[in-house]
Q: 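Right, I'll just put the structure down here and ask away after.
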Number of protein chains: 2
Amino acid sequence: MARKPDPGTRDRILDAACRLFDERGVRAVGMQQIIDAGGCGKNLLYREFPSKDELVVAWLERCSQGWPQLLEEAERRAPGDPAEQLATVIGLAVEGISGPGFRGCALRNAHAEFPDPEHPAHRFVVEHYGQRRADLCALAERAGADDPEALADRLSLILDGASANGAILGPTGAAPTATAFARAVIASATEA
Amino acid sequence: MARKPDPGTRDRILDAACRLFDERGVRAVGMQQIIDAGGCGKNLLYREFPSKDELVVAWLERCSQGWPQLLEEAERRAPGDPAEQLATVIGLAVEGISGPGFRGCALRNAHAEFPDPEHPAHRFVVEHYGQRRADLCALAERAGADDPEALADRLSLILDGASANGAILGPTGAAPTATAFARAVIASATEA
DNA sequence: GTCTATACTAGGATAGAC
DNA sequence: GTCTATCCTAGTATAGAC
């Protein structure tokens, strides 16, 4: 009797790929390594992801989901308080940075690995950062900021700075100070 | 008659390598491409740089010289005014970001490409960022900041944030706002 | 039918020999 | 500057287990 196709195959492959891409970077990981780590055959991998580029984009899509999840968690922790939500978003993001093996924002890293603006991975990252900016802007506006775009930009700088600095200098660098910094900036931008 | 060894050989090779590494990233560039671009033979390249890793570190060393040059230029523009020097450093750095082909801090990009903490390129980047922090700290102290380390950390976040955000979103992102942001932070941290 | 495993192509990598 | 050795890459095709 014919076996049914395993619906979890795609996720299982993606799990293995994500872990390797996160740890070592994209170019340093070969398809064979993903096969070895994921416990699936080459045939199956190429059925689910016809090319490495598509696998990379699927990985980035998964990474990018952390951002809306962050927004939701902030909403849950400070319902009806957009200013506090902004501070919570930064705080939660900084928490994720404190780990010893933190390598920086995976999307930013992928962007660095694929400089070609036409590359699907590159385009995906640009689009995600544009979306993130719009989200911060909307939240800043609801928080009653005088200049929502200006506040969103400043928080973007803090966020991206914490990610980059934390990747290199770790918890002993500037990253842990980002939360208090963001709070001060938010307070200053939303005071009557 | 034997030709004299060209003393500019090393620089010429390094010029070609730097341009390629800057444009495409390290892993995307092969030694043969550097040979083709630099107009030198393979044996000459490997005489000057016995391995690709050493060539990469030489590239990073050259990149890292931009930082002390920035400090010197700021000193030249605002002699005897450390607070203004801090602002100038950020301003000059942001200027370099505004170009359309900006790919982000080369050191940060290299750090992302070589996650292994033992890799010479990785170690070099960590050391450079540590040095940068110390420099900012010293300047913040001379500027009379209440908490020089805190100011240095905040400026580090703005600097790294501008670099990362500018690489992805370019001049239409948050990077151009970094200079005014830094000025506000410096003013707030150094007022009597 | 579904999957793993292997062989294979065509090319590019670092590095070294000459 | 050329030529070679060794290895790894993405991707395709095939063989065979269940």
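Naming convention: chains lettered A, B, ... in sequence-line order (proteins, then strands); numbering from 1 in each chain.
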Q: Expressed as a whole number of angstroms, how long is the span from B/M31:CE to C/dG16:C1'?
A: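 Value for this atom pair: 12 Å.
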
Q: Looking at A/R47, I'd like to know whether one of its side-chain N or O atoms comes within less than 4.0 Å of OP1 or OP2 on C/dC3.
A: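 Affirmative; the distance criterion is met.
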
Q: How many whole angstroms separate atom NZ of B/K42 from atom C1' of D/dC3?
A: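 The distance from NZ of B/K42 to C1' of D/dC3 comes to 9 Å, rounded to the nearest Å.
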
Q: In whole angstrom, what separates A/R12's CZ from C/dT2's C1'?
A: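 After rounding, the reported distance stands at 12 Å.
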
Q: Assess the side chains of A/D36 and A/Q32: does a donor N or O sit below 3.5 Å from an acceptor N or O?
A: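 Present: a donor and an acceptor within the cut-off.
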
Q: Begin with the C-alpha distance, continue with both residues' side-chain angles, and end with the deciding distance and a verdict on salt bridge (charged side-chain N to carboxylate O under 4.0 Å, His left out) for A/R123 and A/E118.
A: CA-CA 7 Å; A/R123 295 168 72 146; A/E118 301 305 314; 3.2 Å; yes

Q: Starting at atom CG of B/L55, determine the distance to atom P of C/dA13, rounded to an integer number of angstrom.
A: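 Rounded to the whole Å, the gap is 14 Å.
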
Q: Both A/Q33 and A/P50 contact DNA chain D. Taking the nearest nucleotide for each, which residue is further toward the 5' end?
A: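 Looking at the nearest nucleotide for each, A/Q33 comes out on the 5' side.
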
Q: Could you check how far CD1 of A/I13 sits from C1' of C/dC3, rounded to whole Å?
A: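 Rounded to whole Å, this separation is 11 Å.
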
Q: On DNA chain D, compare the nucleotides closest to B/Q32 and A/A28; which residue's is nearer the 5' end?
A: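 In this pair, the answer is B/Q32.
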
Q: Separation of B/I35 atom CD1 from C/dG16 atom P, in whole Å?
A: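 Answer to the nearest Å: 13 Å.
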
Q: Roughly, in whole Å, what's the span from CZ in A/R27 to C1' in C/dG12?
A: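 Answer to the nearest Å: 12 Å.
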
Q: Is there a donor and acceptor pair closer than 3.5 Å between the side chain of A/K52 and the base of D/dG11?
A: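 Under the 3.5 Å cut-off, the side chain and the base do not form any donor-acceptor pair.
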
Q: So, A/D53 versus A/H119: side-chain donor-acceptor pair below 3.5 Å or not?
A: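 There is such a pair (donor and acceptor under 3.5 Å, judged by atom type) between the side chains of A/D53 and A/H119.
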
Q: Can A/R108 and B/N109 be counted as having a side-chain donor-acceptor contact under 3.5 angstrom?
A: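 Yes, side-chain donor-acceptor contact under 3.5 Å.
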
Q: Which nucleotide in the list C/dG16, D/dG11, C/dC3 gets nearest to the side chain of A/L44?
A: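 The answer is C/dC3, which lies nearest to the side chain.
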
Q: To the nearest Å, give me how far apart CG (A/D36) and P (C/dT6) are.
A: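 To the nearest whole Å, that distance equals 10 Å.
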
Q: When you compare the side chains of A/Q131 and A/D135, does any donor N or O come within less than 3.5 Å of an acceptor on the partner?
A: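 Judged by distance alone, the side chains do pair up.
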
Q: Decide yes or no, distance alone: a donor-acceptor N/O pair under 3.5 angstrom between the base of D/dT2 and the side-chain of B/N43.
A: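 No, no donor-acceptor pair under 3.5 Å.
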
